[in-house]
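Quick notes on the structure that follows.
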Amino acid sequence: MMASASVLIVDDEHLARERLQRMLTDEADYEVVAEAAHGRAGVEQAALHKPDIVLLDIRMPGMDGIEAAQHLLQMEQPPAVIFCTAYDEYALDAFEVNAVGYVLKPVRREQLLRRLQHAKRLTESQLAAIVPETSTRTHISARTRLGLEVIPVDSISHFMADQKYVTAFFDGREVVIEDPLKSLEQEFPGQLLRVHRNCLVALAAIEGLQSNRGGGQLKLRDVDDTVAVSRRHMGSVKKALTRL
């Protein structure tokens with residue numbers, strides 16, 4: 001006898017989670033192992049329970065379902081994802097064309113069971129094809145000894161590259177991430193500033209700049225050590241600071 005597939009439900013509406021849970025209560029093929037009320041909690045629950053399938057709402061405050069799916073793809077064994085959406089027909093075209101699983105709200109039991117039966121793991125190219133061009137992540141994901149962690153971008157003071165590794169510094173901690181500095185710089189142009197070929201800093205974290213003949217040193221919020229500014233980047237750093 002085959003084991004039932006484990007399911008995680010992620011939706012910011014309690015009644016929506018309750019409705020999905022109720023639809024699956026008597027289904028021997030599926031077992032709801034956890035629920036979450038927002039994207040970040042959903043990623044954390046997925047890292048903890050390692051579900052086979054995630055039923056994922058899209059429009060949620062904070063981290064939405066599309067970004068949550070991006071982080072889920074970073075797991076060692078990513079779950080299959082079925083988006084629960086109230087999107088209009090034009091947005092749904094993107095899901096259809098790119099073979100992405102979804103159910104329409106209000107969810108009907110027959111539709112849900114049909115999608116669950118054909119649930120497939122998302123690929124990065126499928127997800128990238130439905131991410132809005134203006135979409136910017138609110139969190140960075142990292143594999144640590146605690147599992148898959150999601151770190152709010154607003155809490156990160158700076159990123160430092162050392163050969164092929166990039167380290168994010170936040171809240172007195174540091175973790176190695178997979179994102180290269182160049183892609184981070186392009187994704188967060190209004191938040192991150194290049195101060196050295198191997199360093200990006202968060203504009204909001206800058207507390208002061210001390211110049212010297214070879215460049216300068218930045219004092220960052222809640223960071224003991226200063227961060228070096230290269231001579232090449234001093235002009236853009238000073239210009240950015242005048243706008244703060």
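No donor-acceptor distance shorter than 3.5 angstrom exists from the side chain of Gln74 to the backbone of His71, with no hydrogens or angles considered. Side chain of Arg115 to main chain of Tyr102: a donor-acceptor pair is present (N/O by atom type, distance under 3.5 Å, no hydrogens or angles). Under the 3.5 Å distance criterion, the side-chain polar atoms of Arg121 are matched with a main-chain donor or acceptor of Pro78.
Looking at every heavy atom in both residues, Phe159 comes nearest to Leu192 through CE1-CD1, 3.7 Å. Taking every heavy atom of both residues into account, Tyr30 and Ser4 meet most closely at N-CB, 3.8 Å. Considering every non-hydrogen atom in both Ala168 and Ile177, the closest pair reads CB-CG2, 4.3 Å.
Side-chain atoms of Glu187 and Thr136 include no donor-acceptor pair closer than 3.5 Å. Under the 3.5 Å distance criterion, with hydrogens and angles disregarded, a donor-acceptor pair is assigned to the side chains of Asp52 and Ser6. Using modelled atom types and a 3.5 Å distance limit, the side chains of His233 and Ser236 yield no donor-acceptor pair.
For Thr144, the side-chain hydrogen bond (donor to acceptor under 3.5 Å, both in side chains) partners are Glu149, not counting sequence neighbours.
Atom CD of Gln21 has more than 12 heavy atoms from other residues, nucleotides or ligands within 6.0 Å. Remark: Glu207 CD is packed, more than 12 non-hydrogen atoms of other residues, nucleotides or ligands lying under 6.0 Å away.
The distance from the CZ atom of Arg108 to the CG atom of Leu113 is 11.0 Å, given to the nearest 0.5 Å.
Ring planes of His158 and Phe169: parallel class, angle under 30° (limits at 30 and 60°).
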